[in-house]
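Index from 1, following the sequence.
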Amino acid sequence: MPVRANIEPLSWETQFFGINSAILRISDDALELAADDLANWARLQAKIPAQRTDWLDALQQLGFQLVEGEVDFRIPVCACANPQVDIAAEGDIPRLRELAAQAFAQSRFRAPWYADDASGRFYAQWIENAVRGTFDHQCLIFRDVKADIRAFVSLRQLNASEARIGLLAGRGAGELLMQAALRWAHDRQLTTLRVATQMGNTAALKRYIQSGAVPESTAYWLYR
């Protein structure tokens, strides 16, 4: 089966990782890909709906390999508990970068596709950007009795009715983090909160379902 797709350069990832990168935007209406179209990229990504096994088979024939599966959830926003959280400030960035690098060391930006420290660096930058209000709009934090950061969640408003959780981490704090995220969305009069996680992250899957999340879609990430 031929693969029909447009190739979209990933300028930010190319600069950040130092790898000439692009992503396939697969569509039955696009032109058929040829081997020469793929040769100019050091890293090609593709994200496809899990049910499109025809696309999965065709991409594997072009040398793509499965990296991970992803589940995307939708959570109805409600007036839940209002836990005591702080809004992260610039002074919190060094500690948040450290925590994010540890929590997300095994993402899809892991070895052997990227350098050993690439995943940690990527998510450390993500959480710094969230504190500064770029990409994600805000980062909420819980502190322990010694005022050290115990857990964090970043959030981004998508439109007039929806928001998305960006990063969420903190051992034993999942329920509090979800309450904080839902309250954040409720205070902005939003109706839907979205979040995605790896298919293999059973702890996160359980937490989101316990918080009222409904699976909305599944997808596969592949690299070449």
Asker: For the atom pair CD (Gln138) and CD1 (Ile87), what is the distance rounded to the nearest 0.5 Å?
Answerer: 4.0 Å

Asker: Using a 4.5 Å cut-off on heavy atoms from C-beta on, say whether the side chain of Phe73 contacts that of Leu205.
Answerer: yes

Asker: Testing the basics here: between Pro215 and Val71, what is the closest heavy-atom pair and its distance to 0.1 Å?
Answerer: CB-CG1, 4.3 Å

Asker: In the single-linkage hydrophobic clustering (I, L, V, M, F, W, Y; side-chain heavy atoms under 4.5 Å), do Val67 and Leu38 co-cluster?
Answerer: no

Asker: Could you report the tightest heavy-atom contact between Ala169 and Ala103, atom names first, then the distance?
Answerer: CB-CB, 3.8 Å

Asker: Applying the side chain to side chain contact (heavy atoms under 4.5 Å, CB included) test to Leu24, which of Asn6, Leu59, Leu62 qualifies?
Answerer: Leu59

Asker: Taking the ring centre of each residue, are Phe17 and Phe109 less than 6.0 Å apart?
Answerer: yes

Asker: Let me confirm one number: the CG-CZ distance from Leu167 to Phe104, rounded to the nearest 0.5 Å.
Answerer: 4.5 Å

Asker: To the nearest 0.5 Å, tell me how far Leu222 CG sits from Leu66 CG.
Answerer: 5.5 Å

Asker: Whether the side chain of Arg188 engages the backbone of Ala185 through a donor-acceptor N/O pair (distance < 3.5 Å, no angle test) should be reported.
Answerer: no

Asker: Would you check if Ile23 and Leu44 make a side-chain contact, meaning some heavy-atom pair closer than 4.5 Å?
Answerer: no

Asker: Determine yes or no for a side-chain-to-main-chain donor-acceptor pair under 3.5 angstrom, with Asp37 supplying the side chain and Ala34 the backbone.
Answerer: yes

Asker: With a 4.5 Å heavy-atom cut-off, do Tyr114 and Ser119 have their side chains touching?
Answerer: no

Asker: Under a 3.5 Å distance rule, please check whether Asp144 uses its side chain to pair with a backbone N or O of Lys146 as donor and acceptor.
Answerer: yes

Asker: Between Arg52 and Asp57 (salt bridge meaning N to carboxylate O under 4.0 Å), is one present in this structure?
Answerer: no

Asker: Please check this pair: side chain of Asn20 against backbone of Asn40, looking for a donor-acceptor N/O pair closer than 3.5 Å.
Answerer: yes

Asker: Taking only Lys NZ, Arg NE, NH1 and NH2, and the carboxylate oxygens of Asp or Glu, determine whether Glu70 and Lys47 approach each other closer than 4.0 Å.
Answerer: yes

Asker: Classify the side-chain pair Tyr223/Arg108 by whether it contains a donor and acceptor separated by less than 3.5 Å.
Answerer: yes

Asker: Can a donor-acceptor pair be found, under 3.5 Å and without considering hydrogens, that links the side chain of Gln157 to the backbone of Asn159?
Answerer: yes

Asker: Say whether Val195 and Val153 are linked into one hydrophobic cluster, either directly or through other cluster members, by side-chain heavy-atom distances under 4.5 angstrom.
Answerer: yes

Asker: Would you check if there is a donor-acceptor pair between the side chains of Asn129 and Gln125 at a distance under 3.5 Å?
Answerer: yes

Asker: Can you tell me how far apart SG (Cys139) and CZ (Arg132) are? Round to the nearest 0.5 Å.
Answerer: 12.5 Å

Asker: Determine whether Gln45 and Trp221 satisfy the following criterion, side chain to side chain donor-acceptor pair (under 3.5 Å), listing intermediate values before the conclusion.
Answerer: CA-CA 7 Å; Gln45 306 176 11; Trp221 281 99; over 6 Å; no

Asker: Rounded to the nearest 0.5 Å, how far does CG of Asn201 lie from NZ of Lys206?
Answerer: 10.5 Å

Asker: Specify the closest pair of heavy atoms between Leu155 and Ala181, including all atoms of both residues, with the distance to one decimal.
Answerer: CD2-CB, 3.8 Å

Asker: Could you label the plane-to-plane angle of the Trp126 and Phe122 rings as parallel, tilted or perpendicular, counting under 30° as parallel and over 60° as perpendicular?
Answerer: perpendicular

Asker: What pair of heavy atoms forms the shortest contact from Ala50 to Met199, and how long is it?
Answerer: CB-CE, 4.5 Å

Asker: Are side-chain heavy atoms of Gln106 and Glu68 found at a separation under 4.5 Å?
Answerer: no

Asker: So, Ser21 side chain and Ile19 main chain: donor-acceptor pair closer than 3.5 Å or not?
Answerer: yes

Asker: Let me know which of Leu96, Asp92, Ile93 forms a side chain to side chain contact (heavy atoms under 4.5 Å, CB included) with Glu128.
Answerer: Ile93

Asker: Tell me, do Glu175 and Gln179 make a side-chain contact under 4.5 Å, heavy atoms counted?
Answerer: yes

Asker: Do Glu98 and Ile127 come close enough that some side-chain heavy atom pair is under 4.5 Å?
Answerer: no

Asker: Would you give the length of the straight line joining atom CG of Leu177 to atom CZ of Arg150, rounded to the nearest 0.5 angstrom?
Answerer: 8.0 Å

Asker: Give a yes or no on whether a salt bridge exists between Asp148 and Arg95, defined as a side-chain N under 4.0 angstrom from a carboxylate O.
Answerer: yes

Asker: For residues Trp12 and Trp113: do they belong to one hydrophobic cluster (side chain heavy atoms under 4.5 Å, members Ile, Leu, Val, Met, Phe, Trp, Tyr)?
Answerer: yes

Asker: Met178 and Ile209: same hydrophobic cluster, using ILVMFWY side-chain contacts below 4.5 Å?
Answerer: yes

Asker: Taking side chain as C-beta onward, heavy atoms only, is Leu193 less than 4.5 Å from Ile165?
Answerer: yes

Asker: In sequence, state the C-alpha distance, the side-chain angles, and the governing distance for Trp55 and Asp28, and then conclude on side-chain contact (heavy atoms from CB on, under 4.5 Å).
Answerer: CA-CA 10 Å; Trp55 287 358; Asp28 292 327; 3.8 Å; yes

Asker: Does the distance from a Lys or Arg side-chain N to an Asp or Glu carboxylate O, for Asp116 and Arg121, drop under 4.0 Å?
Answerer: no

Asker: Report, as yes or no, whether the 6.0 Å neighbourhood of atom CD on Glu32 holds more than 12 heavy atoms from other residues, nucleotides or ligands.
Answerer: yes

Asker: Considering non-hydrogen atoms only, spot the tightest contact between Tyr220 and Gly69 and give its length.
Answerer: CD2-CA, 3.9 Å

Asker: Go through the steps to decide whether Arg74 and Glu162 satisfy the test salt bridge (charged side-chain N to carboxylate O under 4.0 Å, His left out), and finish with yes or no.
Answerer: CA-CA 10 Å; Arg74 173 180 53 82; Glu162 298 180 325; over 6 Å; no

Asker: Identify the heavy atoms of Ser161 and Leu190 that sit nearest to each other, and give their distance.
Answerer: O-CB, 3.5 Å

Asker: Are any of the side-chain heavy atoms of Leu140 and Asp86 separated by less than 4.5 Å?
Answerer: no

Asker: Let me see the working for Arg164 and Asp72 under salt bridge (charged side-chain N to carboxylate O under 4.0 Å, His left out), right down to the final yes or no.
Answerer: CA-CA 10 Å; Arg164 177 172 287 279; Asp72 200 75; 3.0 Å; yes

Asker: Is it possible for you to say whether Ile48 and Phe64 belong to one hydrophobic cluster, with membership spreading through side-chain heavy-atom contacts below 4.5 Å?
Answerer: yes

Asker: Is any NZ, NE, NH1 or NH2 atom of the basic residue among Arg43 and Glu13 found under 4.0 Å from an Asp or Glu carboxylate oxygen of the other?
Answerer: no

Asker: Could you walk me through whether Ile7 and Leu33 pass the side-chain contact (heavy atoms from CB on, under 4.5 Å) test, one step at a time?
Answerer: CA-CA 9 Å; Ile7 300 178; Leu33 287 178; 4.1 Å; yes

